[in-house]
Protein chains: 2
Amino acid sequence: MSEQEQVGPNRQSVGFTLSQLGFATSRRFGEIVATLGLEPRHFALLRAVRVADGQSQQAIAERLRIPASTMVSLIDHLESEGLLERQPHPTDRRTRLLHLTSRGAEVLEQATILGAELEGSICAGLSTAERETLLGLLARIAGNIGIADGELPDHGTGQRPEALQ
Amino acid sequence: MSEQEQVGPNRQSVGFTLSQLGFATSRRFGEIVATLGLEPRHFALLRAVRVADGQSQQAIAERLRIPASTMVSLIDHLESEGLLERQPHPTDRRTRLLHLTSRGAEVLEQATILGAELEGSICAGLSTAERETLLGLLARIAGNIGIADGELPDHGTGQRPEALQ
DNA sequence: TATTGTTATACTCTATAACTATA
DNA sequence: TATAGTTATAGAGTATAACAATA
């Protein structure tokens, strides 16, 4: 046995391995989007805005489960970078509607491409069938853990929502 | 398509799924050890002490890649809980040697049992062969990412070492 | 002069709550 | 009176650097 001791659930356990790989993958993704001047949470926010252009800050904050005050600083940053804009609501002057700029759309597209490249490097050497097998097994585990497709985790635990990891 | 938008690399990508499951698994493990009054980093520290009783604080800090000042507060906590003890070095009076107490060993054993139960719930419904297949595929991905067996990630990124997640 | 552990401190991140302007 | 967004502030967590004791 290696001198390095296991630290989570048992090494060679699925749980430990998932923790380890999930952490490494998130970190790698963070390094990659950093080359575009973004953090993962900025990427997540740009994506959420792109889902439907012209949503209010509050609508997106609820979607991403982040406090309104955090939204302000995230949007301040992205607006200062010229990636999105606050625009007035046509009838409610309290509300700000968020729109991607063309530059924001470009950066989002580049980040998506870099993400696809990361996916390729992660899965290097796996056949299509193996990748399908892996995704199928992971989906069953997601079911065991209680992560339904498309569901974001409860935010009542004091943990940051994984959307913004 | 679900109204919920993907936030990392593409949903249905291995990378996104690993991030999601890794995060959820870590969180669940944290909730579990919390029932013993521990955080995951305390569990990791107890394990590191158990590897060889009587290591110095510095030796363990290097193993876990955490700053010396952080070690102090972690050990203060565990010592106040009666789970480990600082003892003098026989010849070097600067050095403190760390030892598990019998209660610390018990708690560590209980945490290990709870971790095994978590592993069981994560893998519920998977046959032994499927579990082996999964671990094999994940090991290949670990190789792609550059996580050698037993290796802890570089700590130069500003991220917390996963040992202490 | 170097090293072990401790303490002090500064920084980042996050969330709660107070505040403003509108409704 | 309630709501959208902003600002102020307090807390946790972490790391760097100064420090005391010892080598």
Side-chain angles (χ1 to χ4, degrees), chain A residues 23 26-27 30 34 38-42 44-45 48-49 54-80 84-99 153-165, chain B residues 23 26-27 30 34 38-42 44-45 48-49 54-80 84-99 153-165:
Chain A
F23 185 84
S26 295
R27 189 183 47 181
L38 298 178
E39 297 169 33
R41 57 189 181 169
H42 297 131
L45 180 46
V49 170
Q55 296 170 94
S56 70
Q57 285 190 202
Q58 194 179 53
I60 293 180
E62 281 179 14
R63 166 185 291 275
L64 297 180
R65 308 198 193 215
I66 57 183
S69 61
T70 302
M71 276 296 283
V72 172
S73 66
L74 290 176
I75 294 171
D76 282 350
H77 174 75
L78 291 171
E79 197 169 33
S80 75
L84 61 74
E85 291 174 343
R86 291 173 167 102
Q87 293 181 358
H89 188 284
T91 61
D92 185 340
R93 294 203 298 174
R94 297 171 303 181
T95 301
R96 310 302 187 91
L97 303 183
L98 300 179
H99 297 269
D154 179 25
H155 192 211
T157 59
Q159 298 266 19
R160 189 187 314 172
E162 76 193 70
L164 305 185
Q165 265 177 31
Chain B
F23 186 85
S26 296
R27 190 183 46 180
L38 298 178
E39 297 169 32
R41 57 188 182 172
H42 298 130
L45 180 46
V49 171
Q55 296 169 94
S56 71
Q57 284 190 202
Q58 193 179 53
I60 292 180
E62 281 177 15
R63 168 187 290 277
L64 296 181
R65 309 203 192 209
I66 56 182
S69 61
T70 303
M71 276 294 283
V72 173
S73 65
L74 290 176
I75 294 171
D76 283 350
H77 174 76
L78 291 171
E79 197 169 33
S80 75
L84 60 75
E85 291 175 342
R86 291 172 167 102
Q87 293 181 357
H89 188 284
T91 62
D92 185 340
R93 295 204 296 174
R94 296 171 304 182
T95 302
R96 311 302 188 91
L97 303 182
L98 300 179
H99 297 270
D154 178 23
H155 191 211
T157 59
Q159 298 264 19
R160 189 187 316 174
E162 77 192 70
L164 305 185
Q165 264 176 34

Euclidean distance, atom [atom1] of residue [X] to atom [atom2] of [N] [Å, nearest integer]:
| X | N | atom1 | atom2 | answer |
| --- | --- | --- | --- | --- |
| A:R93 | C:dT22 | CZ | C1' | 7 Å |
| A:R65 | C:dA15 | CZ | P | 13 Å |
| B:H89 | C:dT4 | NE2 | P | 11 Å |
| B:I60 | C:dT4 | CD1 | P | 14 Å |
| B:E79 | C:dT6 | CD | C1' | 13 Å |

- State, without any angle test, whether B:H99 and B:E85 hold a side-chain donor-acceptor pair at a distance under 3.5 Å.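 B:H99 vs B:E85: no donor-acceptor pair found between side chains.
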Identify the heavy atoms of [X] and [Y] that sit nearest to each other, and give their distance.
| X | Y | value |
| --- | --- | --- |
| A:P40 | A:G30 | CG-CA, 3.7 Å |
| A:Q55 | A:A48 | NE2-O, 2.9 Å |
| A:L98 | A:L84 | CD2-CD1, 4.4 Å |

- Query: For B:R41 and D:dT14, is the shortest distance between a side-chain N/O and OP1 or OP2 below 4.0 Å?
  - Reply: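 So the side-chain polar atoms of B:R41 do come within 4.0 Å of the phosphate oxygens OP1 or OP2 of D:dT14, strictly under.
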- Terminal axis angle for the helix from C:dT1-D:dA23 to C:dA23-D:dT1, five pairs an end, nearest 10 degrees: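 Its terminal axes enclose an angle near 30°.
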Mind checking side chain to side chain contact (heavy atoms under 4.5 Å, CB included) for [X] and listing every partner two or more places apart, or none if nothing turns up?
| X | answer |
| --- | --- |
| A:R93 | none |
| B:E39 | B:R41, B:H42 |
| B:H89 | B:T91, B:D92, B:T95, B:L97 |

- Counting primed atoms, P, OP1 and OP2 as sugar-phosphate and everything else as base, the B/S/- map of nucleotides 2-7 of chain D against protein heavy atoms under 4.0 Å is BBSSBB
- All side chain to side chain donor-acceptor pair (under 3.5 Å) counterparts of B:E79, not counting sequence neighbours: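 Listed in chain order: B:R86.
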